[in-house]
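Structure first, then comments.
Here the structure is a predicted model, which means the values were calculated and not measured.
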Amino acid sequence: MAYSKDDPKSVQTMFSSIAPRYDMTNLIISLGLNKYWNRQLVKHSLSSAPVGHLLDLCCGTGEIAYGFLNRTKLPQKVHLIDFSENMLVMAKQRAEKLKLHSKHELTFTQGDAQAIPLDKDSVACVSIAYGIRNVYDTKKCLAEVLRVLQPGGICGILELTRPKNKVMHQLHKIYLSTMLPLLGKLLTSNQDAYSYLKDTVGKFIEPEEIAGIMQNTGFRNVRVIPLSFGIAHLIVAEKSI
């Protein structure tokens, strides 16, 4: 089955199909680098946000939110939102295994990143890891993030990108075109899902353009941080006080 960002329902179906093996597959296809990238997202955005409610948008299996909770000794309120029900099932199971409910207030919601079901100025921090690339309308999503953030709140985006170095760019392109779909097929029996990943990484806007959209939307102090020679990027910004 071919998946297309222009058909959100098909992308939703795709993520539901790969949810049970999502974390293991990500670890293998990223050669373990995703663990480092995730820690950098927590370090540069979540850990420096004002105390309050965290929203993990496009949360997947909850790895970012739980990575943040692992670094704090204080009880936290965390809202996890994803459009894939199966991803949320995996996130809930993971939270139960980690016994997070005994200390933290966790809420799981199946929802649309372009219409976040939260009140204005209601969260201190928003994280979006590997999700903005899959949202149909990037501008609408970022406007929603700004709406729900409280003044002074922080948004941290982590996304897969294309290296700018010519040699790394070519090696990265070869890996995406050959090894990635093959590994996806072997690990999840869904080669089309990882062909979709290859296509979206190759076609998505540059991190600097995401930063520009955020500035135009009303964010301030926008920073673009390359990771692992530009294979991934962090974009971190604040909502004006």
Side-chain angles (χ1 to χ4, degrees), residues 3-20 22-23 25-26 29-30 34 37-38 40-42 44-46 49 53-69 78-92 94-95 106-118 122-149 153-161 193-194 196-197 199-201 203-205 207 210 213-214 217 219 232-237:
Y3 303 106
S4 171
K5 186 176 174 179
D6 295 331
D7 181 7
K9 190 67 176 179
S10 75
V11 178
Q12 186 179 38
T13 299
M14 178 198 75
F15 277 105
S16 291
S17 73
I18 64 175
Y22 183 73
D23 290 330
T25 303
N26 284 351
I29 66 175
S30 72
N34 69 315
W37 300 334
N38 295 346
Q40 292 303 301
L41 173 58
V42 172
H44 286 281
S45 56
L46 310 191
H53 188 174
L54 163 67
L55 166 61
D56 189 8
L57 192 60
C58 306
C59 68
T61 63
E63 182 154 345
I64 299 302
Y66 304 158
F68 165 68
L69 295 179
V78 181
H79 204 126
L80 298 94
I81 296 178
D82 201 280
F83 72 162
S84 167
E85 183 178 2
N86 284 2
M87 285 291 185
L88 289 172
V89 169
M90 301 304 296
K92 290 175 185 177
R94 192 171 185 176
L106 305 180
T107 305
F108 301 87
T109 303
Q110 185 177 9
D112 185 352
Q114 300 165 114
I116 300 173
L118 295 175
S122 61
V123 300
C125 185
V126 178
S127 62
I128 311 174
Y130 319 110
I132 194 72
R133 173 175 40 84
N134 301 305
V135 175
Y136 179 74
D137 190 330
T138 304
K139 294 180 181 179
K140 190 173 182 179
C141 173
L142 292 174
E144 274 291 274
V145 170
L146 187 70
R147 179 184 68 81
V148 301
L149 269 177
I154 294 178
C155 172
I157 296 173
L158 170 59
E159 192 52 83
L160 301 174
T161 51
Y194 290 88
Y196 165 86
L197 173 58
D199 292 340
T200 53
V201 172
K203 296 176 182 177
F204 193 53
I205 58 178
I210 299 175
I213 294 172
M214 297 184 83
T217 301
F219 287 92
H233 273 79
L234 285 176
I235 304 98
V236 182

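Checked against side-chain contact (heavy atoms from CB on, under 4.5 Å), Ala113 has the following partners two or more places apart in sequence or in another chain: Leu57, Cys58, Val135, Cys141. For His44, the side-chain contact (heavy atoms from CB on, under 4.5 Å) partners are Gln40, Arg223, Ile225, Leu234, Val236, not counting sequence neighbours. Taking the side-chain hydrogen bond (donor to acceptor under 3.5 Å, both in side chains) definition, one finds that Thr25 meets it with nothing, sequence neighbours left out. Residues satisfying the side-chain hydrogen bond (donor to acceptor under 3.5 Å, both in side chains) criterion with Ser45, sequence neighbours excluded, are absent altogether. Applying the side-chain contact (heavy atoms from CB on, under 4.5 Å) criterion to Thr161, with sequence neighbours excluded, gives Pro207, His233. For Ser30, the side-chain hydrogen bond (donor to acceptor under 3.5 Å, both in side chains) test picks out Asn34, with sequence neighbours left out. For Pro20, the side-chain contact (heavy atoms from CB on, under 4.5 Å) test picks out no residue, with sequence neighbours left out. In this structure, Asp82 has no side-chain hydrogen bond (donor to acceptor under 3.5 Å, both in side chains) partners at least two apart in sequence or on a different chain.
The two atoms that bring Phe108 and Lys92 nearest to each other are CB-CE, 3.5 Å, heavy atoms only. Here the shortest heavy-atom pairing between Ser16 and Asn86 reads O-ND2, 3.0 Å. Closest of all the heavy-atom pairs between Met214 and Ala237 is CE-CB, 3.7 Å. The shortest heavy-atom contact between Pro117 and Thr109 is CG-CG2, 4.0 Å. Of all non-hydrogen atoms in Val42 and Ile64, the two that sit nearest each other are CG2-O, 4.0 Å. Closest non-hydrogen pair, Thr61 versus Tyr66, comes out as O-CE1, 3.7 Å.
In this structure, Leu142 CG and Thr217 OG1 are separated by 5.5 Å, a value rounded to the nearest 0.5 Å. If you take CH2 on Trp37 and CG on Leu160, they are separated by 5.5 Å, rounding to the nearest 0.5 Å. Atom CZ of Phe83 sits about 6.0 Å away from atom CG of Asn134, to the nearest 0.5 Å. Note: Ile157 CD1 to Arg133 CZ = 12.5 Å, rounded to the nearest 0.5 Å. Atoms CD1 and OG1, on Ile205 and Thr138 in that order, are 5.0 Å from each other to the nearest 0.5 Å.
With hydrogens and angles disregarded, no donor-acceptor distance shorter than 3.5 Å links the side chain of Gln110 to the backbone of Leu88.
Taking the side chain as every heavy atom from C-beta outward, Met90 and Tyr22 never approach each other to under 4.5 Å. Between Ile18 and Tyr194 the shortest side-chain heavy-atom distance falls below 4.5 Å. Considering only heavy atoms from C-beta on, Ile235 stays 4.5 Å or farther from Ile132 through its side chain.
Every pair passing salt bridge (charged side-chain N to carboxylate O under 4.0 Å, His left out) that includes a residue from residues 137-148 is listed here, sequence neighbours excluded: Glu144-Arg147.
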List the atom pairs, donor and acceptor, that lie under 3.5 Å between side-chain atoms in residues 122-131 and the rest of the protein, sequence neighbours left out.
from: Ser122; atom 1: OG; to: Asp119; atom 2: O; distance (Å): 2.6
from: Ser127; atom 1: OG; to: Asp56; atom 2: OD1; distance (Å): 2.9
from: Tyr130; atom 1: OH; to: Asn38; atom 2: OD1; distance (Å): 2.8

